[in-house]
**Q** 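Here's a structure for you.
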Protein chains: 2
Amino acid sequence: MSEIMTIRQMCAAFDVTPRALRFYESKELIFPERRGQHRLYDRRDRARLTLILRGKRFGFSLEQIRQLLELYEPGGTNRTQLSATLDTARERLNDMVRQHAELEGAIVDLRQQIDEAEARLSALTSDKTTG
Amino acid sequence: MSEIMTIRQMCAAFDVTPRALRFYESKELIFPERRGQHRLYDRRDRARLTLILRGKRFGFSLEQIRQLLELYEPGGTNRTQLSATLDTARERLNDMVRQHAELEGAIVDLRQQIDEAEARLSALTSDKTTG
DNA sequence: TCCCATCTTTACGTTCGCGTAAACTTTCCC
DNA sequence: GGGAAAGTTTACGCGAACGTAAAGATGGGA
């Protein structure tokens with residue numbers, strides 16, 4: 001895996017479409033360099049894309065993810081900007097903690113429902129074989 | 001809270017709109033009774049709505065949620081139907097378990113980023129007060 | 001040099017999950 | 001009995017996150 005990748009290589013590596021990558025760029029979530037007209041993606045772009053896809057799996061909107069990505073940018077933010085970025089980041093963190101907690105209960109619930117349904121299924125099946 | 005509720009009472013209780021409730025019904029996720037033209041929601045409807053909203057928070061589509069809700073219906077499913085329902089339910093469960101695990105890492109990550117950003121912020125602030 | 005593969009922009013199309021009128025019944029209650 | 005309130009259906013609209021088709025630029029290799 002070379003330091004710099006074309007759009008095709010990115011798509012293969014992350015299982016996304018070129019359209020999606022250009023779309024994320026148009027929404028200012030990634031900023032690949034250009035050689036002529038062509039886009040070139042480096043390590044930083046890949047790191048950002050990893051975070052984008054993870055955020056999507058958690059159900060965050062691209063705009064929420066964009067705000068989170070600001071947190072990872074070292075440079076040029078002033079106090080008020082950084083402070084606002086931190087505020088929204090703390091909200092996302094709360095979302096994630098809540099989600100994590102609620103998932104535990106939901107997993108237990110669903111497991112029980114599956115167990116019960118499996119019992120019903122095997123009852124049905126044995127009905128057939130013993131009937 | 002009475003046994004049977006009107007659409008308005010449901011909306012107030014669950015913080016959803018009438019449009020959303022009718023939409024879920026059109027997608028066959030809930031089946032309120034009718035008194036004349038009006039819809040009436042009972043305990044079973046409320047239980048289903050609770051699961052619907054929970055599923056939404058986990059990022060599931062209404063169609064995925066509808067399939068999950070089939071698991072909670074006691075009656076009229078035959079073997080093949082129940083077996084298929086179980087298969088998709090196990091997939092959802094896997095989704096949730098994966099999500100739960102991934103959330104732990106992401107939470108740790110985000111906490112660290114927030115900590116670092118807080119450090120940068122207080123550095124900036126003390127720069128100002130000490131400069 | 002020419003051609004094909006790969007990239008590009010532009011722009012309209014699509015699915016999901018509702019929002020939002022518009023026009024009509026139905027019901028409540030005084 | 002007579003409104004106003006609350007409910008109903010029908011249908012068009014909308015934002016998010018891309019899909020997809022069209023048409024042009026570019027670069028590489030026989």
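Here is the naming used below: chain letters follow the sequence lines, and residue numbers restart at 1 for every chain. Because only heavy atoms are used, hydrogens play no part in the values below, and waters and symmetry mates are left out as well, while side chains stay in.
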**Q** Heavy atom of residues 59-66 of chain A under 4.0 Å from DNA chain D: which residues?
**A**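 A:Ser61, A:Leu62 - these, ordered by number, are the residues of the stretch whose heavy atoms sit under 4.0 Å from the strand.
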**Q** Name every residue in residues 28-45 of chain B that has at least one heavy atom under 4.0 Å from any atom of DNA chain D, in order of residue number, or write none if there are no such residues.
**A**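 The answer is B:Arg34, B:Gln37, B:His38, B:Arg39.
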**Q** Roughly how far apart are A:Leu49 CG and A:Tyr41 OH, rounded to 0.5 Å?
**A**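 Rounded to the nearest 0.5 Å, the CG-OH separation comes to 9.0 Å.
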**Q** Under the salt bridge (Lys or Arg N to Asp or Glu O under 4.0 Å) rule, collect the residues that match up with B:Arg120, sequence neighbours excluded.
**A**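 Once residues adjacent in sequence are excluded, B:Arg120 has no partner under the salt bridge (Lys or Arg N to Asp or Glu O under 4.0 Å) criterion.
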**Q** Sequence neighbours left out, what passes side-chain hydrogen bond (donor to acceptor under 3.5 Å, both in side chains) with B:Glu33? Give chain and number order.
**A**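 Residues passing side-chain hydrogen bond (donor to acceptor under 3.5 Å, both in side chains) with B:Glu33: none at all.
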**Q** Go through the structure and list residues passing side-chain contact (heavy atoms from CB on, under 4.5 Å) with A:Arg43, not counting sequence neighbours.
**A**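 A:Glu3, A:Arg46.
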**Q** Can you list everything that forms a side-chain contact (heavy atoms from CB on, under 4.5 Å) with B:Thr88? Sequence neighbours excluded, please.
**A**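 If we apply the side-chain contact (heavy atoms from CB on, under 4.5 Å) test to B:Thr88, skipping adjacent residues, the hits are B:Gln67.
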**Q** Applying side chain to side chain donor-acceptor pair (under 3.5 Å), which residue pairs with at least one partner in residues 17-28 of chain B are found, sequence neighbours left out?
**A**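 Non-adjacent pairs meeting side chain to side chain donor-acceptor pair (under 3.5 Å): B:Glu25-B:Arg39.
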**Q** Please identify each residue that fulfils side-chain hydrogen bond (donor to acceptor under 3.5 Å, both in side chains) with A:Asp115, with sequence neighbours left out.
**A**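 Partners of A:Asp115 by the side-chain hydrogen bond (donor to acceptor under 3.5 Å, both in side chains) criterion come out as none, since no residue qualifies.
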**Q** So A:Arg48 and A:Leu29, do their side chains get closer than 4.5 Å, heavy atoms only?
**A**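 The answer is no, as the side chains (C-beta and beyond) never meet within the 4.5 Å cut-off.
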**Q** Can you pull the contact range of chain B along DNA chain C, 5' to 3', using atoms under 4.0 angstrom from its heavy atoms?
**A**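 Extent of the interface on DNA chain C: C:dG17 to C:dT20.
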**Q** So, using side-chain hydrogen bond (donor to acceptor under 3.5 Å, both in side chains) as the criterion, who are the partners of B:Asp95 when residues are at least two apart?
**A**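 Listed in chain order: B:Arg92, B:Arg98.
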**Q** Could you pull out all residues at least two apart from A:Thr6 that satisfy side-chain hydrogen bond (donor to acceptor under 3.5 Å, both in side chains)?
**A**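 A:Thr6: no side-chain hydrogen bond (donor to acceptor under 3.5 Å, both in side chains) contacts found.
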**Q** Pick base, sugar-phosphate or nothing for A:Arg22, based on heavy-atom distances below 4.0 Å to the nucleic acid.
**A**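 The answer is base, as A:Arg22 lies within the cut-off (heavy atoms under 4.0 Å) of a base atom.
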**Q** Rounded to the nearest 0.5 Å, how far apart are CG of A:Leu21 and CZ of A:Arg8?
**A**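 With rounding to 0.5 Å, CG (A:Leu21) is 10.0 Å from CZ (A:Arg8).
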**Q** Under 4.0 Å, heavy atoms only, any strand: does B:Lys56 hit a base, just the sugar-phosphate, or nothing?
**A**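 Answer is sugar-phosphate: B:Lys56 comes under 4.0 Å of backbone atoms only.
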**Q** From A:Glu102 CD over to B:Arg54 CZ, what is the distance, rounded to the nearest 0.5 angstrom?
**A**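 Rounded to the nearest 0.5 Å, the CD-CZ separation comes out at 6.0 Å.
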**Q** Anything under 4.0 Å to a heavy atom of chain A counts; send over the first and last such nucleotide of DNA chain D, read 5' to 3'.
**A**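 For DNA chain D, the relevant span reads D:dA17 to D:dT20.
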**Q** Going from CG on A:Leu69 to CZ on A:Arg66, what distance comes out if it is rounded to the nearest 0.5 angstrom?
**A**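 Spacing of CG (A:Leu69) from CZ (A:Arg66) equals 9.0 Å.
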**Q** When the nearest nucleotide of DNA chain C is assigned to B:Lys27 and to A:Arg19 on a heavy-atom basis, which residue is associated with the more 5' position?
**A**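 Mapping each residue to its closest nucleotide by heavy atoms, the 5'-most match is A:Arg19.
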